[in-house]
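Heads up, the thing below is written out as structure tokens.
For the numbers below, each heavy atom of this structure counts, side chains included, while hydrogens, waters and symmetry mates do not. Below, chain A is the first sequence line, B the second, and so on; all start at residue 1.
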There are 2 protein chains.
Amino acid sequence: MSNIRDVADAAGVSPATVSRVLNGKATSLVSEATRERVLDAAQSLGYHPSAAARALVAGRTDTIALATTNIHDPHYARALDVAQAIAEEFGYHLLLMPDADDTRLQSLLRERRADVIVRLRYPVDTADEVAAAVVSEEQVVIAVGPIDRQMPLSTPCACWDDREGIRAAVEHLAGLGHRRVAFLAGRPAQRKERYALEAAGADMTIVPVCIEPGSLDDVGRGAALARLALQREPGVTALLAQNDTFALGALHALREDGIAVPGQVSVVGYNDTFLAPYSCPPLTTVRTPLAECVSRSLRQVMEALSTQHGAVQPQSLQLHTELVVRASTACPPTT
Amino acid sequence: MSNIRDVADAAGVSPATVSRVLNGKATSLVSEATRERVLDAAQSLGYHPSAAARALVAGRTDTIALATTNIHDPHYARALDVAQAIAEEFGYHLLLMPDADDTRLQSLLRERRADVIVRLRYPVDTADEVAAAVVSEEQVVIAVGPIDRQMPLSTPCACWDDREGIRAAVEHLAGLGHRRVAFLAGRPAQRKERYALEAAGADMTIVPVCIEPGSLDDVGRGAALARLALQREPGVTALLAQNDTFALGALHALREDGIAVPGQVSVVGYNDTFLAPYSCPPLTTVRTPLAECVSRSLRQVMEALSTQHGAVQPQSLQLHTELVVRASTACPPTT
DNA sequence: TTGTAGGCGTTATCAG
DNA sequence: CTGATAACGCCTACAA
């Protein structure tokens, strides 16, 4: 394993000169002749500066950390894709963290393993101890997630309002004439369930249904939820799922049980993952700007970091959700 | 930002003692009293050792790098999930790399950004310059992918044989009576296409169809491929897709065009992603042990790394594919 | 049981 | 234009 001194020896110069050549701030600071000798030596030795040593002295790691849950869910996978692309564009590396307890993320910052940390939070406006743990001038925490407006925001974030998305879905169903809608939830008393109840007018009833994770995968849970809803809640003519994955499971269950969608029961998803247009029938769902939020806020921070020199603040950003009507919703059957 | 000296000062001891307490090899080396003082000081200062400094002196980064393409594809996302879980289990961090040119991966190793690098390769048995770039005793490269048996393996790998999987799919279709099958490929002259041609008996014809990426997403490409195949190749009664994502697109296109699956046309996927059981109809496909390969080989290496001290070698491993028959295949229509 | 000193590989500052 | 030299923060002999 060759270090800077090996290269220096091979080129017959000092380590300082090698460093100058390789970091090449001002080209004029070193003569063309030695410059070439150094480059040759580095090349033939296969030399690369140690990231650790460099980070130690520079105080930067050229690393972006992404903290998120459910990487297997297509919705989050897309955010990952976006972050990956931006990291590459700026010559950074991408560190992946499960969205575990704040403790782990804090130590990530304190150990200075990343300069930028993108954090998916549900909801985004809860006290953020991780952001408070920022120490170095170069460290930035970007919070991304749905905003719940429960408390004033102490730090900037990139967000959207699920209230808006859920309302659009509920009103869409109400407009079609549905009066009794089951909300397919992962766990009891979720945020979105609350929004659905808020959005329902006097002539609409929202019936929450939930199932603990257990041994099922997410699609399987969606299927189980759909069956539970129709069996336990007579009169339900539409299912509003917490996410597209559940909705896909619901579609599957209904198909298996011979219940026509949207003829007998309508189904609405959430997030508009890439599968939604291809389901059977194509899924009516709400597009959520997660990937866009990650993309915009991360890019803004990276650009600031690459030009500016002092502390960098992510700009706050709120984008809109959008109802995407496809073929899984229609008027309820006229009995 | 507090360092080890701050903690030492706060506790009234030397930095060496702090280090000893925090790394706590042999508990007996430091008295209980000072131990507690140090711990308290570290706690109240929010001290975490700098990863860079530690990596510099230890020569290890406690980081696993995963190099892969198509993170948004459910098949690879699952491998990511698995790697993430193992990394966490062993207290490691996970660095994500696009499976770019070898150059970037080599510099990853040379810069010592990761101790272990898991590499998805297609096929696995091509000359591996990245593995050859390993320098430190602590660095390990794990190659995972389908084996093509084109050349003898110079390094160990975790693999499976797509020849086996494709053959099972082809024979399944042949057994049902299909005589003309389109192979839905991403690009011309892929490995799997070759295998399909090899596996076809005298009474079966394989017709390769392909479409360049263009602006379509993968599902959309699958749909386009299916339409192209049926339109351009009369007499085709079955579609064998290169992966489940294409197959899902194919199912969608056929449904839209009013072609019954499996009544008129059969469809077979590849990989058995989590969506396969829930498609419409449920997809007959070939399970590929990618996640299992990553899981086993990575775990083996991590365990070796945590006990053993010298150079660690991944053990070679070959697992089997498995045909999973669901509802998207049947006998061809009897005209 | 604890402290002192040297070095890990770089970069930056300051002389030359 | 180039070369010593001093950090960066930590760990680990070795000495006390």
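Dashed line: the shortest gap from a side-chain N or O of B:Asn23 to OP1 or OP2 of D:dC11 is under 4.0 Å. Distances shorter than 4.0 Å separate none of the side-chain N or O atoms of B:Ser14 from OP1 or OP2 on C:dT4. B:Ser31 has no side-chain polar atom (N or O) that falls below the 4.0 Å cut-off from OP1 or OP2 of C:dT1. One finds no side-chain N or O of A:Arg5 lying less than 4.0 angstrom from the OP1 or OP2 phosphate oxygen of C:dG9. When the side-chain nitrogen and oxygen atoms of A:Ser19 are compared with OP1 and OP2 of C:dT11, one or more of them lie within a distance under 4.0 Å. The phosphate of D:dT2 (OP1 or OP2) has no side-chain N or O of A:Arg20 nearer than 4.0 angstrom.
Atom CD1 of B:Ile4 and atom P of C:dT4 are 14 Å apart (whole Å). Rounded to an integer number of Å, the gap from A:Glu36 CD to D:dT2 P is 13 Å. Going from atom CZ of B:Arg54 over to atom P of C:dC8 covers 19 Å, rounded to whole Å. When rounded to the nearest whole Å, the span between CZ of A:Arg110 and P of D:dG9 equals 15 Å. Spacing between atom CZ of A:Arg37 and atom P of D:dG3 amounts to 9 Å, rounded to whole angstrom units. Rounded to an integer number of Å, the gap from CZ of B:Arg112 to C1' of C:dT10 is 11 Å. Counting to the nearest Å, the C1' atom of D:dC8 and the CE atom of B:Met1 are 13 Å from each other. In this entry the distance linking CD of A:Glu32 with P of D:dT2 reads 11 Å, nearest Å.
The nucleotide whose nearest atom lies closest to any side-chain atom of A:Thr17 is, among D:dT2, C:dT4, D:dC8, D:dT2. Of the candidate nucleotides C:dG3, D:dC10, C:dA12, D:dC10 has the atom nearest to the side chain of B:Pro49. Nearest nucleotide to the side chain of B:Ala16, out of D:dT12, D:dC10, D:dT2: D:dT12. Nearest to the side chain of B:Val57, among C:dT4, D:dC10, C:dT10, sits D:dC10. The side chain of B:Thr34 sits closest to C:dT2 out of D:dC10, C:dT2, C:dA12.
Counting any heavy atom pair closer than 4.0 Å across all strands shown, A:Ala58 reaches no nucleic acid atom.
Proximity of A:Tyr92 to A:Thr63: side-chain heavy atoms (C-beta onward) are nowhere separated by under 4.5 Å.
In the model, B:Thr155 has no side-chain atom that pairs as donor or acceptor with a side-chain atom of B:Asp128 under 3.5 Å. A side-chain N or O of A:Arg121 and one of A:Thr126 form a donor-acceptor pair less than 3.5 Å apart.
Electrostatic pairing of B:Arg149 and B:Asp125 does not count as a salt bridge here, judged by no charged N lying under 4.0 Å from a carboxylate O. The residues A:Arg54 and B:Glu111 are annotated as not salt-bridged, no charged nitrogen and carboxylate oxygen being separated by less than 4.0 angstrom. Salt-bridge annotation for B:Glu88 and A:Arg104: present, with a side-chain N of the basic residue lying under 4.0 Å from a carboxylate O of the acidic one.
Where B:Ala53 and B:Pro15 each meet DNA chain C at their nearest nucleotide, the meeting point lying more 5' is that of B:Pro15.
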